[in-house]
Asks: 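Structure incoming, see below.
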Amino acid sequence: MKKRLDREFFERDVLEVAARLPGKFLVRKYPDGRIEQFMITEVEAYRGEEDMACHASKGRTPRNQIMYERGGLLYIYLIYGIHWMLNIVTGKAGQPQAVLIRGLEGLNGPGRLTRRLDIDRAFLGEDLCRSESIWLTEGVNSFKIITAPRIGIDYAGEYWKNMPWRFFVEKTSG
DNA sequence: GTAAGGATTGGC
DNA sequence: CCAATCCTTACT
């Protein structure tokens, strides 16, 4: 198995982390010992209190406090009362940043992938650098990374809505 | 205590 | 296009 991504990787600025995530592998080990891994195909960066699309834009709350912790921890939240969102905290402690995992190979949609991987609130605060249930590893570098504006954040205003902070691997014909 | 809104999805 | 569905937050 490939080398697990370490603290140093996640403690960089969210834009650096997000740009490097497509092509990496997300590994999930279930309670029965079964292991699955998927290549990350699409992510979005949410960067600090100034980013009006970021959950930290209104300051620290009980919900987003994990975003202020050090990089490598998981930020999990429920959206529309239905879907669990899988986010990776990035940067040094005190910088509220996170990367939303929007797509895995063969699994499109942030809500659908968490359901498929059986990820919910129980993973809030899980440490990707130490967990025995979920972690990331080095991946493949053969993909071109495309950037585009983030999805579903009309409320954030034109400026933040247009930031090209979505990163995904170029579609392949096969 | 009440009310509004949402980093989505799936169905029409 | 539009509703489902319920937690978080911002009020009173």
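Numbered from 1 within each chain, the chains take letters A, B, ... in sequence-line order.
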Asks: Whole-Å distance between C:dT8 C1' and A:Leu124 CG?
Replies: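 Rounded to whole Å, this separation is 13 Å.
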
Asks: Any pair with a residue in residues 112-122 of chain A that passes side chain to side chain donor-acceptor pair (under 3.5 Å), sequence neighbours left out, goes on the list, sorted by first then second residue, please.
Replies: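 Of all non-adjacent pairs touching residues 112-122 of chain A, those that pass side chain to side chain donor-acceptor pair (under 3.5 Å) are A:Glu36-A:Arg116.
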
Asks: What string of B, S and - do you get for nucleotides 1-12 of chain B, 5' to 3', when a contact is any protein heavy atom under 4.0 Å?
Replies: -----BBBSS--

Asks: Looking at A:Arg60, I'd like to know if its CZ atom is crowded, meaning that more than 12 non-hydrogen atoms belonging to other residues, nucleotides or ligands lie closer than 6.0 Å.
Replies: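 More than 12 heavy atoms, drawn from other residues, nucleotides or ligands, come within 6.0 Å of this atom.
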
Asks: Would you say the side chains of A:Tyr68 and A:Glu49 form a donor-acceptor pair under 3.5 Å?
Replies: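 The criterion, which ignores hydrogens and geometry beyond distance, is satisfied for A:Glu49 and A:Tyr68.
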
Asks: Less than 4.5 Å apart, any side-chain heavy atom of A:Trp165 and any of A:Glu44?
Replies: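 A side-chain contact is absent here, since even the closest heavy-atom pair is not under 4.5 Å.
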
Asks: Can a donor-acceptor pair be found between the side chains of A:Thr41 and A:Glu105 at a distance below 3.5 Å?
Replies: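 Side-chain D/A pair, A:Thr41 to A:Glu105: absent.
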
Asks: Just to be sure I understand: a Watson-Crick pair is purine N1 to pyrimidine N3 plus N6-O4 or O6-N4, both under 3.5 Å. Using that and G-U wobbles, which stems of three or more pairs involve DNA chain C?
Replies: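 Expected stems, ordered by start: B:1-6 with C:6-11, B:8-11 with C:1-4.
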
Asks: Which pair of heavy atoms, one from A:Val89 and one from A:Ile66, lies closest together, and at what distance?
Replies: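 Heavy atoms of A:Val89 and A:Ile66 come nearest at CG2-O, 3.5 Å.
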
Asks: Taking N or O atoms only and anything under 3.5 Å, show me the protein contacts with nucleotides 10-12 of chain C, one pair per line.
Replies:
none

Asks: Would A:Ile88 and A:Phe10 satisfy side-chain contact (heavy atoms from CB on, under 4.5 Å), going step by step from the backbone distance to the final call?
Replies: CA-CA 8 Å; A:Ile88 301 171; A:Phe10 297 110; 3.7 Å; yes

Asks: Which atoms form the tightest heavy-atom contact between A:Cys129 and A:Asp6, and what is the distance?
Replies: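 It is SG-C, 3.7 Å.
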
Asks: Quick one: list whatever passes side chain to side chain contact (heavy atoms under 4.5 Å, CB included) with A:Tyr80, sequence neighbours left out.
Replies: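 Partners of A:Tyr80 under the side chain to side chain contact (heavy atoms under 4.5 Å, CB included) test: none.
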
Asks: Quick one: list whatever passes side chain to side chain contact (heavy atoms under 4.5 Å, CB included) with A:Asn108, sequence neighbours left out.
Replies: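 So A:Asn108 forms no side chain to side chain contact (heavy atoms under 4.5 Å, CB included) with any residue.
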
